[in-house]
Protein chains: 2
Amino acid sequence: MQLRRSDVLDGAMAILDKYGLADLTMRRLATSLGVQPGALYWHFPNKQTLLGAMADRILVGVDGPVTSERWDDGIAELAHRLRDALLSHRDGAELVAATYASRMTSNLAREGFVGAGVRAGLPRPYAELAAYTLLYFVLGHTVDEQSRAQMEAVGALTRTPASPDTETAADLGSDQDLLDGDPRVRFDFGLALFIDGMRARAGLPATRA
Amino acid sequence: MQLRRSDVLDGAMAILDKYGLADLTMRRLATSLGVQPGALYWHFPNKQTLLGAMADRILVGVDGPVTSERWDDGIAELAHRLRDALLSHRDGAELVAATYASRMTSNLAREGFVGAGVRAGLPRPYAELAAYTLLYFVLGHTVDEQSRAQMEAVGALTRTPASPDTETAADLGSDQDLLDGDPRVRFDFGLALFIDGMRARAGLPATRA
DNA sequence: ACCTGAACACCGTTCAAGT
DNA sequence: ACCTGAACACCGTTCAAGT
């Protein structure tokens, strides 16, 4: 039974989900595929390339067209789609952040963000900068969020999450223990801050709260 | 000549600056100190702890009091101080980002950011969220910026930086090739976007363009 | 108290040789 | 074309034993 490139990728994703990024080694992957370590190097030139392919797989679809008509809703939609994609695999945020550290230039939701910025009224170069800024935020927040969740699962965090029933940014009025609340609420706050900033830069009125 | 804990830390910083984070291994550090690898484990329980101490040293002083009177200038001052600290050592941003990934809660410029947010008129919990958002941006941007600079030094990047004489966000009118310009200009743009967002959230007038 | 010597249990990667 | 066998050059960490 010959090993295909996609089999290697599938095996790698399975190890990631079950054991985490730290336990994803070429030797372990080889063993799980019933093959010698060296065999992997016929399909991928090195581990970094394999990680890159994994990151691409995690992010597949996030750059698709947006359904929202408003530019601000479009940005929120893309940001949530990106966050969801990162959270859908163990250590997904960390993997993507590490892999895209320097080649953020490429794919991702970047183009979508830029488009929304232009629709908002920002000149293109500004929209591009805004897109980067947004990406830094989404990646940073999600890496943090995911590593916290993992520590909590192992039982290492002290403070307990409050109001587990708050689910959207609309509940932001609660005002207390926001820091330990639903990560999505925290995420939405940063996102709103950012969108407000874009609106101000574009010289648009605050059409929404 | 006995090895002190601070000697180990100094040696580690020296290797970081000269050879980078990837080449900072316990064995290499031991050799540079004229000692056996095991000796390091008398001073630090493990490598992660050593990296944490290095991150703390890199960030020493960034949480100091701010000189600016305006809250927005204060935020900019803190953000730049943090960025400068990260850039002052090879792979400094990467090291701090990796080490603080999950314990961002602690020190840093966080408290300073929170204070400025409160001064801006944000309720405390919102100011705390805003501080996180800002930290994610600063760390993400600086990691990216520093890794790009390193790739450029090795000669791997295609596009060449334009207008090397632009130095502050005031020059943002140039409009062309902003993406390849002075990283500080890019940084200042994201920062301004963010501060505008805080201002809008706090319900303050745009006192500055 | 502080360090050596020596091991344990791993890594990523290469490459002749096999089929 | 695809993989094995076996090595190369490393890692972080532990721990009895020395001084």
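Lettering follows sequence order; numbering is per chain, from 1. Owing to the predicted nature of the structure, the values given are computational and were not obtained by experimental measurement.
The distance between atom CG of N46(B) and atom P of dC15(D), rounded to the nearest whole Å, is 14 Å. Between L40(B) atom CG and dG5(C) atom P there is a gap of 15 Å when expressed in whole angstrom units. To the nearest angstrom, P of dT13(C) lies 13 Å from CZ of F44(A). Following rounding to the nearest Å, W42(B) (CH2) and dT13(D) (C1') show an atom-to-atom distance of 17 Å. Atom CE of M26(B) is separated from atom P of dA9(C) by 20 Å (rounded to the nearest Å). What separates CG of L51(A) from P of dC11(C) is a distance of 15 Å, to the nearest Å. Spacing between atom NZ of K47(A) and atom C1' of dC11(D) amounts to 12 Å, rounded to whole angstrom units. For the pair L29(A) CG and dT13(C) P, the interatomic distance rounds to 12 Å; values are reported in whole Å.
Using a 4.0 Å cut-off between charged nitrogen and carboxylate oxygen, E145(A) and R83(A) count as a salt-bridge pair. Under the 4.0 Å criterion applied to side-chain N and carboxylate O atoms, D10(A) and R57(A) are assigned as salt-bridge partners. Between D84(A) and R81(A) there is no salt bridge, since no side-chain nitrogen of the basic residue lies less than 4.0 Å from a carboxylate oxygen of the acidic one. A salt bridge links R184(A) with D188(A); the closest basic N to acidic carboxylate O contact falls under 4.0 Å.
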Protein-nucleic acid N or O pairs under 3.5 Å, nucleotides 16-19 of chain C:
none

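The phosphate of dA1(D) (OP1 or OP2) has no side-chain N or O of H43(A) nearer than 4.0 angstrom.
You'll find that the side chain of Y41(A) is closest to dG12(C), out of dC2(C), dT14(D), dG12(C). Among the nucleotides dG12(C), dC3(C), dG12(D), the one closest to any side-chain atom of T25(B) is dG12(D). Comparing dC3(C), dA1(D), dT13(D) by their nearest atom to the side chain of L3(B) picks out dC3(C). Checked against dG5(C), dC3(C), dT13(D), the side chain of Q36(B) finds its nearest nucleotide in dG5(C). The listed nucleotides are dT13(C), dT13(D), dT4(D); the one nearest the side chain of P37(B) is dT13(D).
Y136(B) and D144(A) share a side-chain donor-acceptor pair at under 3.5 Å.
If you find the closest nucleotide of DNA chain D to R27(A) and to A39(A), the one lying nearer the 5' end belongs to A39(A).
As the counterpart of dA1(C), dT19(D) is assigned, both hydrogen-bonding distances of the Watson-Crick or G-U wobble pattern falling under 3.5 Å. Using Watson-Crick or G-U wobble geometry with both donor-acceptor distances under 3.5 Å, dT13(C) finds its partner in dA7(D).
The aromatic rings of F187(A) and H141(A) sit perpendicular, their planes meeting at an angle over 60°, well past the 30° parallel limit.
Here the closest heavy-atom approach between residue D91(B) and residue G20(B) is recorded as OD2-CA, 3.3 Å.
Proximity of the aromatic rings of Y126(B) and F189(A) is defined here by a centroid distance below 6.0 angstrom, and this criterion is met.
Taking the C1' atoms as reference points, dA1(C) lies 15 Å from dA17(D), given to the whole Å.
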